[in-house]
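What follows is one structure encoded as structure tokens, with my remarks underneath.
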Amino acid sequence: MAGGAREVLTLQLGHFAGFVGAHWWNQQDAALYRPTDAKEPPGELCPDVLYRTGRTLHGQETYTPRLILMDLKGSLSSLKQEGGLYRDKHLDAAIAWQGKLTTHKEELYPKNPYLQDFLSAEGVLNSDGIWKVKSIPNGKGEASPDTAGWGTGQSRNMEKEGSIRVWSDFLRVHLHPRSICMIQKYNHDGEAGRLEAFGQGESILKEPRYLEELEDRLHFYVEECDYLQGFQILCDLHNGFSGVGAKATELLKDEYSGRGIITWGLLPGPYSLGEPQKDIYRLLNTAFGLVHLSAHSSLVCPLSLGGSLGLRPEPPVHFPHLRYDATLPFHCSAILATALDTVTVPYRLRSSPVPMVHLADMLNFSGKKVVTAGATIPFPLVPNQSLPDTLVQLGGVTPWTPLSACGDPSGIRCFAQSVVLRGLDKACHTRWFWLCSGSQLTPGTPLPSPLHACTTGEEVLAQYLQQQQPSVRSSSHLLRTPCKVVPPYPYLFSSSLSQQGLLLDGPPTGAAVESIPVLGALCSSSSLNKTLGDLAKELTKLNLRRWASFLDAGVEQDDLEEVLQELCSLAQCYQGGDSLMG
């Protein structure tokens with residue numbers, strides 16, 4: 001069990017959610033490893049919030065994600081639905097029948113080359129085919145061979161990254177047999193039998209088979225928790241899984257009243273017009289999903305590298321020190337997972353965590369249950385530069401790149417925000433470390449800014465945010481723990497970064513980036529007024545007689561009218577005006 005941690009149960013609903021989730025769990029897994037002789041105190045983040053302990057049939061201790069994921073037939077590739085940890089090789093021989101046997105063995109799906117290379121380097125299989133389990137609970141396992149056999153980032157092959165078609169091609173984490181729930185009535189590949197519409201997704205959890213399967217898995221995980229603080233849901237917004245998410249959040253709200261439900265509505269990278277049905281379905285699914293998810297969740301945050309939720313494609317967002325291909329889900333999902341790994345820090349802290357319910361209460365106000373996300377990946381810190389110096393150099397602009405498809409953040413008003421800055425060594429938190437190192441200021445010399453007068457890094461960050469958004473309800477956290485970006489994380493980084501993700505002030509070293517500092521934020525802001533309002537306007541322009549197939553999939557005309565009204569009401573909640581504390 002979690003040993004006093006405030007546990008969180010994660011639900012991943014949909015294939016792009018699987019991509020983001022695979023990167024998310026890989027990053028959690030990489031953060032677990034520490035040298036066996038490490039004498040450091042326990043980490044700032046508590047892994048027991050997300051993980052559970054158990055034992056295999058061979059008595060080996062396991063540490064697996066507290067996770068339920070749902071995806072479509074054909075999405076697992078070479079990954080077994082029941083996982084590999086709890087397989088017993090002796091069960092195959094336990095057959096009572098003494099007569100003649102005919103064995104029919106299904107051909108295994110070939111492993112993706114990217115995963116083959118990774119598993120070969122990591123060596124996770126015994127010769128008898130039983131998975132070796134790492135002893136990693138509480139970060140006390142052996143050092144991780146994260147970069148073994150991989151070489152530098154420059155040598156990694158884009159062709160192999162482009163070959164990744166499903167999230168299981170790069171998942172390095174062992175899953176519990178109760179984690180994977182496959183929806184067999186719809187196909188992942190091909191044009192027929194696709195889960196395209198919101199109504200189709202809703203109907204899945206109306207079927208006793210799938211509803212009972214989800215409830216059984218929920219009860220299994222929840223009943224072993226000491227103190228369940230809530231659920232985090234990664235859900236595709238653009239396809240029929242928006243309907244699955246709507247029913248799942250409704251179920252959680254009814255059965256686990258008082259627990260936090262934070263939903264991350266996920267959208268792949270920018271798309272191109274040319275397939276009218278897919279474009280219109282994407283619009284409708286997003287609108288229905290946001291309205292229904294916000295009705296049953298404590299907080300909802302859309303996540304995308306695109307610039308718009310509507311029909312008009314916008315260029316992908318830009319990060320100065322990242323080079324990514326917006327058409328590859330493998331790349332887009334890695335960036336979103338890194339942002340997610342940062343903005344979820346408050347309810348995963350080992351010391352003084354902010355419960356999910358409290359985080360949601362702080363960010364939503366007067367119906368504002370939809371929030372936006374932003375991140376600076378990586379945070380631009382130069383070695384031997386102080387945090388006040390870096391923040392002053394950023395100037396008065398919003399210091400993070402928007403990740404919720406809400407367009408240009410300039411000129412918006414923030415009502416409430418939760419900000420996390422991680423991956424900074426304590427020595428650079430304030431200007432005082434220069435004084436301690438012997439660099440004295442000439443008497444009477446004014447400080448470069450009020451930030452340089454702060455005595456702690458936490459004070460620096462809090463004062464900076466207050467300067468940027470005066471009179472805003474704000475919460476901030478400063479951590480030394482960076483984000484891990486070791487393989488199979490894609491190599492997206494420019495050569496101007498060091499191994500720790502800091503900006504080099506000299507020539508490139510050629511070393512692969514293994515960790516990065518990240519600034520992440522969740523904001524309730526006036527940008528949602530235009531975003532949600534524009535979404536409603538686009539819906540009103542649709543000739544629904546041309547898209548009757550969407551309504552035939554399980555929703556009625558009245559449902560669409562209700563969604564339009566709810567979108568307009570949500571948009572009005574975010575009209576510009578005085579901030580919450582003004």
Side-chain angles (χ1 to χ4, degrees), residues 2 4-10 20 24 27-28 31 42-51 66 225 227-234 258-264 297-303 336-365 368-377 379 399-400 403-404 414-424 429 456-466 468-469 472-484 517-525 580:
R6 293 173 174 259
E7 303 98 337
V8 170
L9 174 56
T10 303
V20 176
W24 158 276
Q27 288 183 299
Q28 309 312 309
E44 295 163 297
L45 299 176
C46 178
D48 290 338
V49 172
L50 301 172
Y51 280 78
R66 192 177 295 107
C225 292
Y227 184 86
L228 178 74
Q229 63 167 308
F231 306 87
Q232 60 178 14
I233 301 174
L234 282 63
R259 309 297 186 188
I261 304 172
I262 297 184
T263 302
W264 310 97
S297 302
S298 309
L299 208 64
V300 174
C301 179
L303 288 174
L336 295 181
T338 300
L340 198 60
D341 190 30
T342 299
V343 297
T344 58
V345 156
Y347 57 82
R348 299 192 288 125
L349 290 169
R350 188 182 297 275
S351 176
S352 303
V354 180
M356 299 176 86
V357 170
H358 293 175
L359 179 64
D361 287 344
M362 193 274 291
L363 287 171
N364 68 51
F365 181 84
K368 298 179 176 69
K369 292 174 69 175
V370 183
V371 296
T372 63
T376 304
I377 304 174
F379 183 71
W400 45 77
L403 295 176
S404 292
C414 179
F415 304 109
Q417 62 186 3
S418 170
V419 179
V420 175
L421 177 56
R422 59 185 301 187
L424 273 66
H429 283 188
T456 66
E458 289 79 7
E459 187 182 344
V460 171
L461 181 59
Q463 184 162 329
Y464 171 76
L465 295 173
Q466 197 277 331
Q468 292 291 102
Q469 297 281 358
V472 168
R473 179 185 293 180
S474 185
S475 170
S476 60
H477 294 86
L478 184 64
L479 279 71
R480 296 187 303 276
T481 306
C483 273
K484 294 288 188 177
V518 177
L519 176 67
L522 295 176
C523 304
S524 176
S525 75
L580 293 178

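The analysis underlying the following values was restricted to heavy atoms, covering all of them including side chains, and did not include hydrogens, waters or symmetry mates. Here the structure is a predicted model, which means the values were calculated and not measured.
Evaluation of the side-chain hydrogen bond (donor to acceptor under 3.5 Å, both in side chains) rule for E458 yields no partner, not counting sequence neighbours. E44 meets the side-chain contact (heavy atoms from CB on, under 4.5 Å) test with L479, R480, T481; sequence neighbours excluded. Remark: S474 pairs with Q417 by the side-chain hydrogen bond (donor to acceptor under 3.5 Å, both in side chains) rule, at least two apart or across chains. Qualifying side-chain hydrogen bond (donor to acceptor under 3.5 Å, both in side chains) partners for T10, counting only residues two or more places apart in sequence or in other chains: Q232. Partners of F231 under the ring-ring contact (aromatic ring centres under 6.0 Å, His included) rule, at least two apart in sequence or in another chain, are Y256. Every residue meeting the side-chain contact (heavy atoms from CB on, under 4.5 Å) condition with A337, not counting sequence neighbours, appears here in chain and number order: V20, H23, W24, Q27. Take P355 and apply the side-chain contact (heavy atoms from CB on, under 4.5 Å) test, not counting sequence neighbours, and it matches R6, Q229, H358. Every side-chain hydrogen bond (donor to acceptor under 3.5 Å, both in side chains) that S525 has, sequence neighbours left out, goes to S527.
Contact annotation: the side chain of T263 never approaches that of L299 to less than 4.5 Å [non-hydrogen atoms, C-beta and beyond]. The shortest distance between side-chain heavy atoms of W264 and C301 falls below 4.5 Å. Side-chain contact between V371 and S404 is absent, with no heavy atoms from C-beta onward closer than 4.5 Å. Residues H477 and V354 have side chains in contact (heavy-atom distance under 4.5 Å, counting atoms from C-beta outward). The closest side-chain heavy-atom distance from P517 to P482 is not below 4.5 Å. With contacts defined as side-chain heavy-atom distances shorter than 4.5 Å, the pair L359/S418 qualifies. Side-chain contact between S476 and E459 is absent, with no heavy atoms from C-beta onward closer than 4.5 Å. Within the 4.5 Å cutoff, the side chain of N364 has no heavy atoms near those of the S524 side chain.
Interatomic distance, L336 CG to L234 CG, rounded to the nearest 0.5 Å: 10.0 Å. Atom NZ of K368 is separated from atom SG of C523 by 13.5 Å, given to the nearest 0.5 angstrom. Between the CG atom in L424 and the CZ atom in F379 there is a gap of 6.0 Å [rounded to 0.5 Å]. With rounding to the nearest 0.5 Å, the separation of CZ in R259 from OH in Y227 is 6.0 Å. Within the model, atoms CZ of R66 and CG of D48 stand 7.5 Å from one another, a figure rounded to the nearest 0.5 Å. Separation of atoms CH2 (W400) and OG1 (T376) is listed at 8.0 Å; rounding is to 0.5 Å.
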Quick one, L522 with T372, criterion side-chain contact (heavy atoms from CB on, under 4.5 Å). Give me CA distance, side-chain angles, the key distance, then yes/no.
CA-CA 6 Å; L522 295 176; T372 63; over 6 Å; no
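Contact record, P353 with L349: CB-O, 3.5 Å, taken as the closest heavy-atom pair. Residues R350 and P47 share a closest heavy-atom pair of NH2-CD, 3.6 Å. Of all heavy-atom pairs between I233 and I261, the closest is CD1-CG2, 3.8 Å. Heavy atoms only, all atoms of each residue included: A416 and C414 are closest at O-SG, 3.4 Å. Scanning all heavy atoms of the two residues, the minimum distance from A339 to I377 falls at N-CD1, 4.2 Å. The two atoms that bring A521 and V419 nearest to each other are CB-CG2, 4.0 Å, heavy atoms only.
Sorted by first then second residue, the salt bridge (Lys or Arg N to Asp or Glu O under 4.0 Å) pairs that include residues 337-346, not counting sequence neighbours, are D341-R348, D341-R422.
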